[in-house]
Chemist: 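Below is one structure. I have some questions about it.
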Amino acid sequence: MPLTADERATLKSKLVSIDRSLEDSYDEEVQLKYRLTVLILERDNLVAEKKRVRNTIEASIYSLPTEIITHIMSFVILPCHPSVAFKAANALSHICYRWRQAVLYEPSFWTHITMKEASPYEASQVCLERSGAQSLQVDIDMTKMRKYDEPEIKFLIKLTSHLHRCRTFHFTAKRVHPFEILLPAFSRAPAPHLRKFEVFCFQDEANQGREMPNPTQPSTAFGGEAPKLETMTISGVHVPWTTFPLSNLHSLAFDFHSSD
């Protein structure tokens, strides 16, 4: 049945409307493609700019003398508490080869001795070696150790050969065994850099009442040489010294000492 004139007019109007919609969609697609192209170009430009800035910064850092890099690192490592100084230095040494060389060959970054790590105390031994001739800050707490085995004894014996480099020495333990190794060594070793000397022995029940043997002959603390010593605290430990170089001492404390 043929279409009436009104139906043909309505159909024609719909076709025209569809054509316009298609044209509009095509125009919108073209615009979206154009916008996408612009965004891709902007992204590429930003990536290129970021790379350029990064290369400029890296070039600036790598062009710095090693002494400047080391000086900057010192503001990070040196203020650290002894218990985290090693971790800070070790972390910086893993950034890149240039930084690693700067950290490893700066002795002042490795002067904190704590024995905080697990046996056989490789980190503390590394610090003894890398610190060179720098003065040391020793801060060792052995109160949580239930027993002193060969690794502990070997490290303390090794430490005695570096006592002359100590600037501060703080040592705490529950038993007298470590002091039987350290204190006689302090009798022989001059302490030209030592400013603070603190030893504490908080004996547990199993070792209560045990004292270090009295010295068989007179001995002088620090080999008679401790010109910078300002603070000395000795608690719960019988020191084998009969003569002390105390000319510049500002603070002296003895408590829980033996009967003499």
Side-chain angles (χ1 to χ4, degrees), residues 70 73-74 76-94 100 102-202 221-223 225-226 228-237 239:
T70 302
M73 290 179 175
S74 69
V76 178
I77 300 173
L78 297 184
C80 287
H81 187 273
S83 61
V84 297
F86 176 85
K87 293 180 180 179
N90 195 49
L92 288 174
S93 72
H94 285 79
R100 182 172 180 80
V103 173
L104 294 186
Y105 292 100
E106 176 49 51
S108 65
F109 293 165
W110 307 96
T111 58
H112 297 92
I113 311 298
T114 63
M115 288 182 72
K116 290 285 187 181
E117 70 280 15
S119 173
Y121 311 106
E122 293 179 354
S124 294
Q125 296 193 51
V126 165
C127 287
L128 285 177
E129 296 167 1
R130 291 180 182 171
S131 58
Q134 291 283 316
S135 57
L136 300 174
Q137 298 182 63
V138 178
D139 187 357
I140 296 176
D141 184 352
M142 301 183 73
T143 55
K144 294 182 180 180
M145 297 181 184
R146 296 183 178 181
K147 56 181 179 179
Y148 307 124
D149 292 327
E150 183 179 358
E152 288 74 27
I153 301 302
K154 288 180 66 174
F155 180 79
L156 290 179
I157 292 175
K158 184 174 183 178
L159 180 61
T160 60
S161 63
H162 297 269
L163 296 182
H164 64 284
R165 295 201 284 131
C166 290
R167 181 165 74 250
T168 61
F169 188 88
H170 182 100
F171 191 92
T172 307
K174 280 188 176 181
R175 303 181 184 180
V176 299
H177 303 82
F179 300 100
E180 293 173 343
I181 297 172
L182 294 171
L183 294 182
F186 265 118
S187 298
R188 301 184 298 270
H193 308 291
L194 189 64
R195 294 182 178 275
K196 180 184 291 186
F197 180 81
E198 298 175 317
V199 291
F200 303 86
C201 182
F202 304 109
F222 315 116
E225 182 182 346
K228 297 181 180 180
L229 183 61
E230 298 177 349
T231 302
M232 183 162 66
T233 302
I234 300 175
S235 178
V237 182
V239 292

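Remember, it's a predicted structure, so these values are computed and weren't measured experimentally. Sequence positions, counted from 1, serve as the residue numbers for this chain.
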Chemist: Just verifying a value: how many Å separate H162 NE2 and E129 CD, rounded to the nearest 0.5 Å?
Modeler: 8.0 Å
Chemist: Work out which heavy atom in K228 is nearest to a heavy atom in P192; give both atom names and the distance.
Modeler: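 Taking K228 first and P192 second, the nearest heavy atoms are CD-O, 3.5 Å.
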Chemist: With rounding to the nearest 0.5 Å, note down the distance linking CG in L128 to OG1 in T111.
Modeler: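 Rounded to the nearest 0.5 Å, the CG-OG1 separation comes to 10.5 Å.
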Chemist: Grab the two heavy atoms, one from G132 and one from P107, that are nearest each other, plus how far apart they are.
Modeler: N-CB, 4.4 Å
Chemist: Ignoring hydrogens and angles, tell me if any N or O in the side chain of W110 forms a donor-acceptor pair with the backbone of V103 under 3.5 Å.
Modeler: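 Answer holds: yes.
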Chemist: Taking R167's backbone N and O only, do any of them form a donor-acceptor pair with R195's side chain (distance below 3.5 Å, no angle check)?
Modeler: no
Chemist: Would you call the rings of Y121 and F155 parallel, tilted or perpendicular if under 30° counts as parallel and over 60° as perpendicular?
Modeler: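 Rings of Y121 and F155: tilted, 30 to 60°.
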Chemist: Look only at the side chain of E152 and the backbone of P178, and say whether a donor-acceptor pair between them is shorter than 3.5 Å.
Modeler: no
Chemist: Step by step, work out the side chain to side chain contact (heavy atoms under 4.5 Å, CB included) result for M115 and L156.
Modeler: CA-CA 10 Å; M115 288 182 72; L156 290 179; 4.3 Å; yes
Chemist: CZ/F86 to CD/E122 distance, rounded to the nearest 0.5 angstrom?
Modeler: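 These two atoms lie 9.0 Å from each other.
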Chemist: Run through E106, Q137, R165 and flag the one making a side-chain hydrogen bond (donor to acceptor under 3.5 Å, both in side chains) with S131.
Modeler: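 The single option meeting the side-chain hydrogen bond (donor to acceptor under 3.5 Å, both in side chains) with S131 is R165.
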Chemist: Indicate the atoms forming the closest heavy-atom contact of L183 with V237, along with that distance.
Modeler: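 Of all heavy-atom pairs spanning L183 and V237, the closest is CD1-CG1, 3.3 Å.
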Chemist: Could you state the interatomic distance from NE2 (H170) to OG1 (T231), rounded to the nearest 0.5 Å?
Modeler: 12.5 Å
Chemist: For the residue pair H94 and R100, establish whether any side-chain heavy-atom pair is separated by less than 4.5 Å.
Modeler: yes
Chemist: Search all heavy atoms of F109 against all heavy atoms of T70 and return the closest pair with its distance.
Modeler: CZ-O, 3.4 Å
Chemist: Please report the interatomic distance NZ(K174) to CG(D141), rounded to the nearest 0.5 Å.
Modeler: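 The NZ atom of K174 sits 9.5 Å away from the CG atom of D141.
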Chemist: C80 and H112: side chain to side chain contact (heavy atoms under 4.5 Å, CB included), yes or no, with the steps?
Modeler: CA-CA 10 Å; C80 287; H112 297 92; over 6 Å; no
Chemist: Evaluate the side-chain proximity of I181 to I157: yes if any heavy-atom separation is below 4.5 Å, no if none is.
Modeler: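 A side-chain contact exists here, since the closest heavy-atom pair is under 4.5 Å.
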Chemist: What distance do F179 atom CZ and C201 atom SG have between them, rounded to the nearest 0.5 Å?
Modeler: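 Answer for the CZ-SG pair, F179 versus C201, is 5.0 Å.
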Chemist: Which atom pair, heavy atoms only, marks the closest approach of L104 to S93?
Modeler: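 Residues L104 and S93, closest heavy atoms: CD2-CB, 4.5 Å.
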Chemist: Test side chain to side chain contact (heavy atoms under 4.5 Å, CB included) on I140 and L159; report intermediate values, then the result.
Modeler: CA-CA 11 Å; I140 296 176; L159 180 61; 4.0 Å; yes
Chemist: Please report the closest heavy-atom contact between K158 and S161, naming both atoms and the distance.
Modeler: O-OG, 2.7 Å
Chemist: For side chain to side chain contact (heavy atoms under 4.5 Å, CB included), just list the numbers for F200 and T233, CA-CA rounded to whole Å, side-chain angles, deciding distance to a tenth of an Å, and then say yes or no.
Modeler: CA-CA 8 Å; F200 303 86; T233 302; 3.8 Å; yes
